[in-house]
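Have a look at the structure below before the remarks.
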Amino acid sequence: MAEAASAAARAAARRARIVVAGAVQGVGFRPYVYRLAVGLGLAGCVRNAPAGVEIEAEGSEAAIAALLDGLRAAPAPARVERVECAWLAPLGARGFVVAASDEAPGTALPLPDLAPCAGCQAELRDPAARRFGYAFTSCSHCGPRYSLIAALPYDRARTAMAAFTLCAACAAEYADPASRRFRHEANACPACGPRLTFCDAQGRPLSDGEDALAMAAALLRGGGILALKGAGGFQLLTDARDAAAIARLRERKHRPHKPLAVMFADLAALGAVCRVSPAEQALLVSSAAPIVLLDRCSDALPTNLAPGNPRLGAMLPSTPLHVLLLERLGFPVVATSGNASGEPLCADNDEALAHLAGIADGFLLHDRAILHPLDDSVMQIASGRAQVLRLARGLTPLALAGGEPAVLALGGQLKSALAVGGGGHIVAGPHIGDLDTALALVRFDAASVTLPALAGVAPQALVHDAHPDYASSVWAIRDPRPAIAVQHHHAHVAAVMAEHGLDGEVLGVAFDGAGLGGDGTLWGGEFLCGDGAQLRRVAWLRPFPLPGGERAAREPRRAALGLLYAAYGPGLGGVTLPFSAAEQRTLLQALERRVNAPLTSSVGRLFDAVAALLGLCEVASFEGQAAAAVQAAAETVPARVPYSLPLVQHGDGLVADWAPLLGAVLADRAAGVAVPEIAARFHAALAALASAVAARVGALRVVLAGGCFQNRRLLDETRAALENGGLAVFWPQRLPPGDGGLAVGQAAVAQARLAAKVH
C-alpha cells in the first residue's frame, strides 16, 4: 500500500524552476531555501545563479505554492525583489540538495557588509564557545560581504576568504543544514581564519592574536592613537574622553574643526552623552551600524570632538573586533576615517603603514584582504525619516529601479561615488572621496571596473558632470566609450526622482553649494521643472560675485564681500569685514574688473555669506562648516517669521532677490538681535521661497535636492511650507542629498535620453 501511495504521489507531482532576484547571495538564502524545501517534502536543488538564486523543486502543487510564499517572505538580511516561476515536466527526483553555483556572469546583487548579529556576539562572550574572543566571528546573518567579494556568484573561492582553508570543525558547520553557518562563505575560527597583528608606529610587529588586542587597548588607555583595520578599511581611534589626545589627532591629521565620530560599547553608554529617539536607536542597532548624528544631552565628553556643534556623530561596534576592543576598554573612542588629509581611506596593510605613519602610534592589523574599501556610513533622522548623508559600509551597494541601456555614471569632483545602470537597476556604489589626489583617482579607476562587474553590467556609455574640469569629466572624455554630460543640479533632482520612482512633471528645488550652470555661471539656488530627462530652469537666486572663485568656498568672508559689493558697491554699505586693508583693496579691484569673480546663484554660498556676517564662520577648514554653524544657531530657537526674498520676473523666469533679506539681516545685527533669531528667520526665508515658487509655477509635486537639504532645519521647514500648500514633497533619504548621490541622477538622465533616441 505504501509503495502504491508513493507512486501515486510521484505521478501527481509538479516540477518548477524558480528564480529569485535581489540581494540573495551571501545572506544564508540557500540554506533557508534548503530547510524550507526539506520541511515541505520537496525534491530538487538550489544554487547561486547569474540572476540571483535558482531553485528546482518537485513535489505537490500545494508544497510548491508554500515554497513560493516562503521565498517572498524570506527574512533579513535577504532582500527579495522578484520571484519567477516556470512549470516543467516532473523528473521523479528524490531528495533536496545545495548544488554547485552557475558561474556564468549575471545580474545578482552583492550584499552590504553587516554588523555582528546577536548570535555571534553571544559566542564572542561565551568562554565555552569555539569562537570566544575571536575577532572574525560571523555567520549567514552577519559579517563582511561586499568588502570581500571578488566576483559573483558568491562562493568562497571568489572572496578574500579563499586564502583561508576551513578546519574540520568549520567545514562540518559549512556542510550542516542545521547550522547557521551552512554554506556561509566567510566562515572561520581561531584555528583556520584571519589573525590580528599589532605593530608599533614604525610598522614593526610586536604581537598577534589576543595579545595584539591587549596591546592595542593599552595604547588607547595611555592616550595614544591607534590605526585599526576594520572590515572595510582603517579607522583612527583614540580615547574620546581625552581632550589632549583628540587635539593630537586633529593636529596630526590636519583636521582642526571637522566633527569626529565616537564609537560607544552599547546604547547605555551612548545614552549618557546623547539623546536617542526610537528612530535613531533603530538606525544605531541596525545591521548597517552607521554613524548617526545625535543631539548631545551632556558635557561628559570634550567639546573638541565637534567644536561649535551641538550634535555628535555616534556609532556602535560594527565588527566583532570593535565589540571586543570596546568591552576591554570600558570607555568610548573616537573612530574617524583612516586616511591622511585629502587622501582616500586606507584599506591595505602596507598602504596604511606608509600613509598613516606620523599619525598613528600603533597599528592593529589583520591578514584578510579588503577588496572593496568602505568608509563608515553616516545617517540622521530628518523630517521624521532616516536620511543617508554618506552611503558606504552597511548600505552599499544600493540597488534602485532603473532601465536600459547600460551606463556608468561617474559623479562629480567632491564626495565621489559611482553608479551603474542596466539590467533593470541603477546600483549606487560606495563613497570614494574627493578626487583631488592621485590616490583618489586610483581608487576611482578601480571602482569603475569592479562596480559594473559585480552588478553584471557592461556599460555602453559614460555619464559625467557638465563641468569639463572635474577629474571625473576628464576621465570620461578620455575613455573611448561615448560620454554624456549632465548638468549638476539636473542630476541632483533626477537622483531623488530615481530614489522615489517618480515619472512625469516635478518642480525640483536644488539648493546646493555650486555646480556649473547652463549659462556658464555657478548655480546652486535653482528651481527646475520637467520630467527628469529634460528640466528647464524656471526660477533662481539672484546671482552675486565670488571674489577668488573656488577659494571663496573655503572663505565665507569672501562670499559676504561679494554679496555686499553686489548690493552696495565698493562701499559695502559701511559693513566691516575681517580682511586687512590691502586684502580688501585687492579683492574690490578684482570685483570691479570682474577678474576671477564668477557669478553664483548658490544657496550654499548665501549660507556662507550669512555665516560670515553673523560672525559664525569667516574662514572654513572643511566643506559645509559655515552652513552648519548657521543651522546650529537656528536650531536653538523655534520657527520664526521669514525675511523677505521677493520674486522678480526676469524674461521667462523668476529671480529671488536677496537684497531685502541682506538689508534686514544687517539691520537686525546692528540692532543687537540675537544671532539665533537671525539664523532662524534666514532658514524660514528659504522655505517660504520654495513655497512661493511652487505656487507661481503651479507645481503639484516638489523634489528637494542638493547638499543644503542635509540641513534638517531647512528640510523640515521647506517640507512643511510646501505640504501646507497641499503639495506632495519628496527628498533624499536612501541617497545622500549632496554629491554622493549625483551619479544615480546622472545614470537616470542618461538612460532616459538614450532610450528616447532608440524609440
Side-chain angles (χ1 to χ4, degrees), residues 113 115 135-136 144 146-148 160 194-206 208 212-213 215-217 219-220 224-240 245-246 248-250 252-255 258 260-263 289-291 313 315 317-326 329 333-378 390 392-394 396 430-434 437 439-440 442-443 446-447:
D113 287 28
F136 303 93
Y146 183 67
S147 63
L148 55 72
R195 291 183 62 80
L196 295 171
T197 301
F198 180 83
C199 297
D200 64 15
Q202 287 72 46
R204 295 174 296 213
L206 300 182
D208 60 15
L213 190 63
M215 293 191 76
L219 175 72
L220 290 168
I225 297 169
L226 175 71
L228 176 146
K229 185 180 183 182
F234 278 82
Q235 294 168 312
L236 291 167
L237 309 184
T238 199
D239 187 345
I246 296 165
R248 283 194 296 275
L249 175 58
R250 287 193 174 281
R252 293 180 189 180
K253 203 179 176 188
H254 306 295
R255 186 174 172 170
K258 191 173 183 180
L260 298 167
V262 178
M263 183 180 288
I291 297 168
M315 65 188 303
S318 57
T319 71
L321 175 57
H322 291 101
V323 171
L324 295 169
L325 181 61
L326 267 291
L329 291 173
V333 294
V334 170
T336 191
S337 301
N339 60 309
S341 180
E343 293 184 355
L345 182 74
C346 291
D348 175 80
N349 290 351
D350 292 339
E351 178 184 47
L353 292 170
H355 291 274
L356 301 181
I359 299 178
D361 298 310
F363 296 81
L364 185 57
L365 310 177
H366 61 73
D367 54 354
R368 185 181 67 204
I370 295 172
L371 303 186
H372 307 291
L374 293 166
D375 219 319
D376 292 314
S377 290
V378 181
R390 182 166 71 197
R393 179 192 48 75
T396 186
H431 170 84
I432 296 172
D434 299 349
T437 65
L439 287 173
V442 169
R443 188 70 49 80

His355 meets the ring pair (Phe, Tyr, Trp, His ring centres under 6.0 Å) criterion, sequence neighbours left out, with none
- Task: State, with a plain yes or no, whether a side-chain heavy atom of Thr197 is found less than 4.5 Å away from one of Asp208.
- Result: yes
Q. Any donor and acceptor pair, going by atom type alone, linking the side chain of Ser318 with main-chain N or O of Ala115 inside 3.5 Å?
A. no
**Q.** 4.5 Å side-chain heavy-atom contact, Gln235 and Val334
**A.** no
Quiz item: How about Leu228 and Leu325: do any of their side-chain heavy atoms sit closer than 4.5 Å?
Solution: yes
query: Under a 4.5 Å cut-off applied to non-hydrogen side-chain atoms, are Ser147 and Arg368 in contact?
result: no
For Ile291 and Ala261 the tightest heavy-atom approach is CD1-CB, 3.6 Å
For His366, does its backbone N or O pair with a side-chain atom of Asn349 as donor and acceptor, under 3.5 Å?
-> yes
Test item: side-chain donor near acceptor, Arg255 and Thr336, under 3.5 Å: yes
Quick check: do Pro373 and Arg443 have side-chain heavy atoms less than 4.5 Å from each other? yes
- Leu213 vs Leu321 side-chain heavy atoms within contact, under 4.5 Å: yes
On a heavy-atom basis, the closest approach of Pro194 and Phe136 is O-CD1, 3.4 Å
Problem - Side chain Arg390, main chain Asp376, donor-acceptor under 3.5 Å - result: yes
Task: Asp361 side chain vs Gly224 backbone, donor-acceptor pair below 3.5 Å - done: no
Between the side chain of Glu351 and the main-chain N/O of Ala347, is any donor-acceptor distance below 3.5 Å?
yes
Note to self: Before you tell me yes or no, could you show the steps for Phe234 and Ile370 under side chain to side chain contact (heavy atoms under 4.5 Å, CB included), namely the whole-Å CA-CA distance, both residues' side-chain angles and the distance that decides it to 0.1 Å?
What the structure shows: CA-CA 10 Å; Phe234 278 82; Ile370 295 172; 5.8 Å; no
Does Arg393 use its side chain to pair, donor to acceptor, with the backbone of Ala289 at less than 3.5 Å?
-> yes
